[in-house]
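Being a predicted model, the structure only gives us computed values, none of them experimental.
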Amino acid sequence: MSSINLADVFMIGKLGEKERAALGLSNQIMFLLVLLLFGINSGGAIFMSQFNGKKDTKNMKKVLGIVLINSFLAGVIFFLMVILIPDFLLKIYTKDKIVVDIGMRYLKIVSFSYIFTAISFVYSVQLRTINKTKLTVYSSSLALVINITLNYLLIFGKFGFPKLGIEGAAIATTIARSLECIFIVFLVYNNKYIFAAKFKEIIGFDIFFVKKYFFTTLPVLLNEMIWSFGIAAYNIC
């Protein structure tokens with residue numbers, strides 16, 4: 001998943017230092033989101049692995065529901081922050097107006113990928129808990145190939161495509177992330193994996209179950225959040 005952002009930075013770097021700096025700082029927002037998603041889903045993976053061992057499909061689907069809703073909300077919150085206050089977020093890292101302006105152009109487009117990333121992250125983590133690790137590699141590899149191809153076409157304007165620069169990278173990433181999400185969700189439900197839940201099952205958890213989940217998840221969630229703030233502070237300095 002990280003390699004998609006790496007490909008953006010590498011290819012945008014050919015446009016100039018300002019563009020590379022803007023993209024690198026913009027990806028810090030994505031980095032914070034991924035760490036938050038990791039904390040949310042790590043707790044879910046603990047329960048999912050235990051319930052998978054017991055073949056307790058009912059509670060596996062409850063876990064999926066909790067992590068899916070929380071991850072989706074995290075994606076929506078980050079999306080709204082970027083749409084509403086992109087300049088404020090970037091000015092935390094730099095005072096260079098040109099870098100901020102370029103970064104805002106990228107963020108306003110790529111922010112739509114946050115929700116897709118949140119959903120695909122859930123299914124990727126939970127697939128690993130049932131020993132289906134290859135599927136996550138396939139979906140991420142597919143997204144990487146799509147992203148690099150579209151980057152080449154849209155950043156540099158090859159084969160008749162418009163030369164969009166950093167906006168092209170944002171469009172490519174958003175398309176790649178959305179197709180990755182569709183692909184992995186399709187595989188889960190098409191293959192009818194053990195935690196493939198219907199909507200009613202996703203929202204079928206109770207308050208006691210939620211408390212148990214958060215009690216177990218809170219330490220790892222706090223760990224990831226504190227670490228992410230540390231990394232952010234380092235980049236700011």
### Query
Is it true that F72 and M81 fall in one hydrophobic cluster, defined by side-chain heavy atoms closer than 4.5 Å?
yes
### Message
Do F195 and V188 have side chains that approach each other closer than 4.5 Å (heavy atoms only, starting at C-beta)?
### Response
yes
### Task
Keeping to residues at least two apart or across chains, list the side-chain hydrogen bond (donor to acceptor under 3.5 Å, both in side chains) pairs with something in residues 166-176.
D8-T173, R105-E167, N147-T173
### Task
Flag yes if V76 and I40 sit in one hydrophobic cluster, no otherwise; membership is Ile, Leu, Val, Met, Phe, Trp, Tyr, and two members link when side-chain heavy atoms are under 4.5 Å apart.
yes
### Query
Considering all heavy atoms of both residues, which atom of G168 and which atom of N151 are nearest to each other, and what is their separation?
O-OD1, 4.3 Å
### Hydrophobic cluster identity match, L127 and F116, side-chain contacts under 4.5 Å
no
### Query
Using the ring of each side chain (for Trp, its six-membered ring), is F47 parallel, tilted or perpendicular to F209, with breaks at 30° and 60°?
tilted
### Message
Within the 4.5 Å heavy-atom criterion, are V185 and I182 side-chain neighbours or not?
### Response
no
### Message
Nearest 0.5 angstrom please: I146 CD1 to L179 CG, how far?
### Response
4.5 Å
### Task
Decide yes or no for M30 and F78: does some side-chain heavy atom of the first lie under 4.5 Å from some side-chain heavy atom of the second?
no
### Task
Quick one: which residue pairs count as a salt bridge (Lys or Arg N to Asp or Glu O under 4.0 Å) with a foot in residues 20-35, not counting sequence neighbours?
none
### Query
Does a side-chain heavy-atom distance below 4.5 Å link N27 with F31?
no
### Message
Using side-chain heavy atoms (C-beta onward) and a distance below 4.5 Å, is L107 in contact with M104?
### Response
no
### Message
If you define the side chain from C-beta out and look only at heavy atoms, does anything of L36 sit under 4.5 Å from L221?
### Response
yes
### Query
Is L164 close to I155 at the side-chain level, that is, under 4.5 Å between some pair of heavy atoms?
no
### Query
Say you draw a straight line from CG of N52 to CE of M60; how long is it, rounded to the nearest 0.5 Å?
4.0 Å
### Summary
Excluding L222, membership of its hydrophobic cluster (Ile, Leu, Val, Met, Phe, Trp, Tyr; side-chain heavy atoms within less than 4.5 Å) reads L218
### Any V67 side-chain heavy atom under 4.5 Å of Q126 side chain
yes
### Task
Would you indicate whether F10, at its atom CZ, is surrounded by more than 12 heavy atoms from other residues, nucleotides or ligands within a distance under 6.0 Å?
no
#### Entry: Pairs touching residues 62-75 that satisfy salt bridge (Lys or Arg N to Asp or Glu O under 4.0 Å), sequence neighbours left out
K62-D206
### Task
Go through the structure and list residues passing side chain to side chain donor-acceptor pair (under 3.5 Å) with T117, not counting sequence neighbours.
none
### Message
Hydrophobic cluster membership, with links at side-chain heavy-atom distances under 4.5 Å among I/L/V/M/F/W/Y: are Y93 and F88 in one?
### Response
yes
### Taking every non-hydrogen atom, the tightest pair across L64 and A197
CD2-CB, 4.1 Å
### Task
Check the pair T216, I46 against side-chain contact (heavy atoms from CB on, under 4.5 Å), reporting the backbone distance first and the verdict last.
CA-CA 9 Å; T216 304; I46 294 169; 4.0 Å; yes
### Task
First locate atom OG of S111, then atom CD1 of I83, and finally report the distance between them rounded to the nearest 0.5 Å.
3.5 Å
### Query
Does a sphere of radius 6.0 Å around CZ in F79 hold more than 12 heavy atoms from other residues, nucleotides or ligands, not counting ones at 6.0 Å or beyond?
yes
### Query
How about Y123 and Y193: does a side-chain donor come under 3.5 Å of a side-chain acceptor?
no
### Task
With sequence neighbours excluded, give me every side-chain hydrogen bond (donor to acceptor under 3.5 Å, both in side chains) pair touching residues 132-145.
S140-E180
